[in-house]
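Not measured: the values here are computed from a predicted model. Numbering of residues begins at 1 and proceeds along the displayed sequence.
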Amino acid sequence: MHDKITEAPTRSEIALKLHADDPNPKPSKKRSSARSIGILFLIAILAGGFFLWRSTHKPQTTAAAGRGRGDRNADGNARIPVAVTPAQRRDLPVYLDGLGSVEPLNTVTLKSRVDGQMMEVRFKEGQEVKKGDLLAIIDPRPYEVALAQAQATLAKDKAQLTDAKLNANRYSQLVKDGVIPQQQYDTQLALAGQLEGAVAADQAQIDNAKLNIDYCHITSPVDGRVGLRLVDPGNIIHASDANGLVVITQMEPIAIVFTLPEDTLPVVNGRMRSGMTLPVKALSRDDGIQIASGTLLTIDNQIDQTTGTYRLKAVFDNKDRALWPNQFVNSRLLTDIKKNATIIPVAAVQRGDQGSFVYRVNPSDNTAEVVPVTVGVTEGTLASIESGLSVNDLVVTDGQDRLRPGARVDPRTDTRPTDATNPPASASQGSVPPSLPGSLRRQSQPPAGSQSFRSPGVQGNQPNGRSSNSEGSRTENRNRRNPQQ
């Protein structure tokens with residue numbers, strides 16, 4: 001008998017058997033297709049809604065951000081925050097700045113003038129001494145012995161001189177009587193002369209021995225301050241020693257030698273030839289602190305061709321020992337004072353193709369306008385204005401890059417410190433001048449980072465070796481575009 005072989009049913013046949021009454025022969029594929037189409041349609045609706053929301057809300061957000069930043073593209077009624085300060089009428093000192101070093105008027109390296117053993121040191125390192133104070137003693141005994149020997153020799157020669165003179169007097173009478181020849185008398189006179197010379201030499205030896213004894217007692221030749229000791233007691237000292245015993249420097253008065261560009265020589269020389277006393281200020285190396293004040297003493301007699309500068313010496317009393325020998329300082333030489341000048345901060349001056357200008361704020365409506373100005377002398381962070389501004393005009397010192405003529409501004413008092421070499425008498429840091437409108441008095445503090453035009457507490461900062469009233473230091477932000485274009 002042959003067995004009947006049957007094949008396994010397929011997946012579709014099994015499905016037909018399980019769902020024999022289902023009229024749709026392929027239900028799974030149709031359900032999957034419908035679900036995918038629904039998901040895609042939902043995603044398309046969500047994407048369209050998102051882009052619609054972005055298109056309706058983006059302009060409002062941009063406008064709000066523009067108003068917050070004071071942007072030019074923002075609403076025309078938005079105020080641009082700026083820092084302002086009023087122009088002032090006051091004297092403006094003109095300085096010349098140079099780098100210098102402190103030099104004592106007298107520096108003495110104390111050395112011994114005799115050879116011997118150091119017996120005593122009668123000073124302390126760093127001690128203030130006066131002229132004539134005893135500082136050290138070298139063993140004087142060898143020179144005392146030499147003195148005694150010279151004194152003994154002097155006594156012997158004096159005795160011989162006395163005898164020779166007595167004999168010469170006797171011989172003078174005998175020559176007249178013809179008892180002795182003239183030659184014998186002349187020889188006795190010569191002997192007396194020789195003995196007089198020997199006595200003088202002995203006296204010189206005595207004086208030399210006494211001088212050596214004085215040299216054994218070393219005294220200070222000047223008033224000053226003793227440095228570190230170079231030789232200890234017990235050492236053998238020689239007059240030929242190179243290092244010496246100690247260095248004494250005169251501390252008061254003291255001098256500062258500094259340099260200036262040769263272009264400034266006619267001004268300084270003219271002031272000195274007219275008999276003016278030129279004040280000099282010594283500042284710390286960062287120009288932050290005034291150390292001392294003095295007067296110009298003299299100008300060097302030649303110009304250094306390698307650097308194009310000349311040297312000057314100023315004298316300071318230095319009672320408080322603020323200046324120290326070989327200290328590097330910045331020197332400020334006052335050459336002129338510009339009387340009753342109209343002063344504004346250098347930060348307010350802008351440069352354009354048509355020259356210098358400033359932004360002036362109208363207090364009545366707080367709008368900015370461009371005002372051409374003629375800049376005179378610039379000193380530190382202050383500039384004098386020859387024409388274009390009046391006293392108490394409000395000028396913008398910060399925020400000019402966002403301004404345009406006629407723009408409405410939100411002015412705030414600029415309290416950033418500037419050059420205070422000659423501060424106004426009625427100004428105080430952080431105060432609001434009476435000329436400012438009432439709206440300015442309610443403003444918050446200006447941004448940190450600051451300099452105050454009215455603050456008297458900080459010294460001006462100038463580059464070393466360069467005149468502060470040079471053309472290069474008269475303005476800032478030279479590359480900003482002129483709004484008048």
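In this structure, Lys131 does not pair ionically with Asp133, as no charged nitrogen and carboxylate oxygen lie closer than 4.0 Å. Checked for salt-bridge contact, Arg311 and Asp300 meet the test: a charged N lies under 4.0 Å from a carboxylate O.
Taking CG from Leu211 and CD1 from Ile206, the interatomic distance works out to 13.5 Å, rounded to the nearest 0.5 Å. Taking CD from Glu125 and CG from Leu228, the interatomic distance works out to 5.0 Å, rounded to the nearest 0.5 Å. Atoms NZ and CD, on Lys338 and Glu379 in that order, are 12.5 Å from each other to the nearest 0.5 Å.
Within 6.0 Å of atom CZ in Arg89, more than 12 heavy atoms from other residues, nucleotides or ligands are found, so the atom counts as buried in its surroundings. Counting non-hydrogen atoms of neighbouring residues, nucleotides and ligands closer than 6.0 angstrom, the CD atom of Gln149 reaches no more than 12 such neighbours. The number of heavy atoms from other shown groups lying within 6.0 Å of CG (Asn326) does not exceed 12.
Nearest heavy-atom pair, Ile236 versus Asp241, reported as atom, atom and distance to 0.1 Å: O-OD2, 4.4 Å. Nearest heavy-atom pair across Ile303 and Tyr310 is CG1-CB, 4.1 Å. In this structure, Val82 and Gly399 approach most closely via the heavy-atom pair CG1-O, 4.0 Å. Counting all heavy atoms, side chain and backbone alike, Val358 lies closest to Ala348 at CG1-O, 3.4 Å.
Thr397 and Asp414 form a side-chain donor-acceptor contact under 3.5 Å, judged by distance and modelled atom types alone. Remark: the Lys210 side chain and the Tyr143 side chain contain no N/O donor-acceptor pair separated by less than 3.5 Å. Donor-acceptor pairing under 3.5 Å is lacking for the side chains of Thr413 and Thr415.
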For this session: Kindly indicate, with the supporting measurements, whether the criterion salt bridge (charged side-chain N to carboxylate O under 4.0 Å, His left out) is fulfilled by Glu128 and Arg321.
Result: CA-CA 12 Å; Glu128 296 287 340; Arg321 298 294 193 274; 3.2 Å; yes
Problem set entry | Derivation and outcome, salt bridge (charged side-chain N to carboxylate O under 4.0 Å, His left out), residues Arg141 and Asp139 | CA-CA 6 Å; Arg141 290 175 295 177; Asp139 187 4; 3.0 Å; yes
For this session: Could you walk me through whether Lys165 and Glu196 pass salt bridge (charged side-chain N to carboxylate O under 4.0 Å, His left out), step by step?
Result: CA-CA 10 Å; Lys165 287 183 177 180; Glu196 287 180 353; 3.4 Å; yes
Problem set entry | Check against side-chain contact (heavy atoms from CB on, under 4.5 Å), Val280 and Phe316 | CA-CA 9 Å; Val280 179; Phe316 300 77; 4.0 Å; yes
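A donor-acceptor distance shorter than 3.5 angstrom exists from the side chain of Asn318 to the backbone of Met251, with no hydrogens or angles considered.
For the pairing with Glu369, the salt bridge (charged side-chain N to carboxylate O under 4.0 Å, His left out) check across Arg404, Arg360, Arg408 returns one residue only, Arg360.
Side chains of Ile237 and Asp115 form no contact here, defined as non-hydrogen atoms less than 4.5 Å apart.
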